[in-house]
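Have a look at the structure below, then the notes.
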Amino acid sequence: MSEQELQELEKVFNQKITDDVRIEPKDWMPEKYRKTHIRQISQHAHSEIIGQLPEGNWITRAPSLRRKVALLAKIQDEAGHGLYLYSACETLGISREELLDQLHTGKAKYSSIFNYPAVTWADMGAIGWLVDGAAIINQIPLMNTSYGPYARAMVRVCKEESFHQRQGFEIMLTLTEGSEEQKEMAQDALNRWWWPALMMLGPRDADSPNTAQSMKWKLKRKTNDELRQQFIDQTVPQAELIGLTIPDPDLKWNEERQSYDSGAIDWDEFWQVVKGHGPCNKVRMEARIAAHENGSWVREAANAYAQKHSKK
Ligand code: FAQ
């Protein structure tokens, strides 16, 4: 392709971004746009899949049939989200095998939040309320992201996350209306999940190497810090409503900004977890790799079936 033809294609692409016309798989796109999308969409998919593990531990210990059914449905939804996202990512010219290989060899990241343990039933409440709550705030703007398959996948994902957030909040509400011990359990879960939930939205904008370009391409519609502020402003009144205290002594309403000021996040902890040194990184990866290996007979059977039918 000549330099002039390439420039022409780039011009058409840039105009689409400016006009909010979605980029579709068969459209020409800059190589860096393609790679950045593979990075973000695949890491998002991996997070949904690994994200099943902390809650999966509690299915057999749910306190009632109703709670068990809701938790099971939620975890199955997360598996579905992973699958839509892998499919969206594959439209960019990478195979599922390669994506999974990147996860299993530690080349691709997944969300830091899933490297923390779920130690009590209240953690099921805190995960739904805070982790799914933060995920929705991050994902609603992604329904307007510039890449068509990613944006479309987000529509259903956001609807389902909203049910997840409510089921988590309802667990917390029930605990806070229960015995003193149950209320303490809810507060303890909030204390442990609050800071990791804030970190989940990514490093400060000043330390985020990808944000500027991703905003230009409209892959990201809001920066990490904007999303974090939105999450804090939305969640603090919810905690107050159920009589829980956000574990941040510096949290204060700022009348001028009409927003909360909050305390410093421990970014060293965040980077340690991202680099693989969080409390559960090792067990999460072991569980994921074991699940993949144990499922190899399903993939072999599906391939054999497909081959048999392609010969007919
Ligand atoms: N954990 O320059 P930035 C869910 C990495 S889904 C680990 O700011 P970017 C549902 C980042 O990859 C949760 N690594 O990067 C659910 C980059 O490294 P790289 C997942 C992180 O991409 C609920 C480096 O740091 N959601 O929870 C994290 O512009 C309950 C520099 O960062 C998504 O993935 C982190 N928290 O912004 C499931 C949403 N943050 O790749 C089960 C889509 C950053 O250059 C149960 N993703 N890093 O080597 C996004 O919106 C963005 O990718 C961000 C990061 C905002 C996460």
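Counting starts at 1 for both ligands and their atoms, in listed order.
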Q) Can a non-hydrogen atom of H164 be found less than 4.0 Å from any atom of ligand 1? A) no

Q. Do any nitrogen or oxygen atoms of E78 come within less than 3.5 Å of a nitrogen or oxygen of ligand 1?
A. no

Q) Taking heavy atoms and a distance under 4.0 Å, where does N224 meet ligand 1: side chain, backbone, both or neither? A) side chain

(Q) What protein heavy atom lies closest to atom 49 (O) of ligand 1? Include the residue and the distance to one decimal. (A) K109 NZ, 2.5 Å

(Q) Quick test: of every protein heavy atom, which one is nearest to atom 11 (C) of ligand 1, and how far off is it to 0.1 Å? (A) R39 NH1, 4.1 Å

Q) Is there a protein heavy atom less than 4.0 Å away from atom 28 (C) of ligand 1? A) yes

Q. Is there a heavy atom of H81 sitting under 4.0 angstrom from any atom of ligand 1?
A. no

Q. Between E170 and R66, is there a side-chain N and carboxylate O pair less than 4.0 Å apart?
A. yes

Q.
Quick test of your reading of the model: are R192 and D123 salt-bridged, counting only N-O distances below 4.0 Å?
A. yes

Q | Atoms of ligand 1 close to Y110 [distance to a heavy atom under 4.0 angstrom, numbered from 1] | A | 1 (N), 7 (C)

Q) Is it true that D20 and K218 make a salt bridge, defined as a side-chain N closer than 4.0 Å to a carboxylate O? A) yes

**Q.** Between Y110 and H44, ring centroids under 6.0 Å
**A.** no

Q: Answer yes when K183 and E180 have at least one side-chain N-carboxylate O distance shorter than 4.0 Å, and no when they do not.
A: no

Q) When you measure from atom 44 (C) of ligand 1 to every protein heavy atom, which one gives the shortest distance, and what is it? A) P203 CD, 3.5 Å

Q) Which residue supplies the protein heavy atom nearest to atom 37 (O) of ligand 1, what is that atom called, and how far is it? A) K220 NZ, 3.0 Å

Q.
Under a 4.0 angstrom heavy-atom cut-off, which atoms of ligand 1 come close to M200?
A. 13 (C), 27 (O), 36 (N)

Q. When clusters are formed from ILVMFWY side-chain contacts under 4.5 Å, directly or step by step, what else is grouped with L65?
A. V69

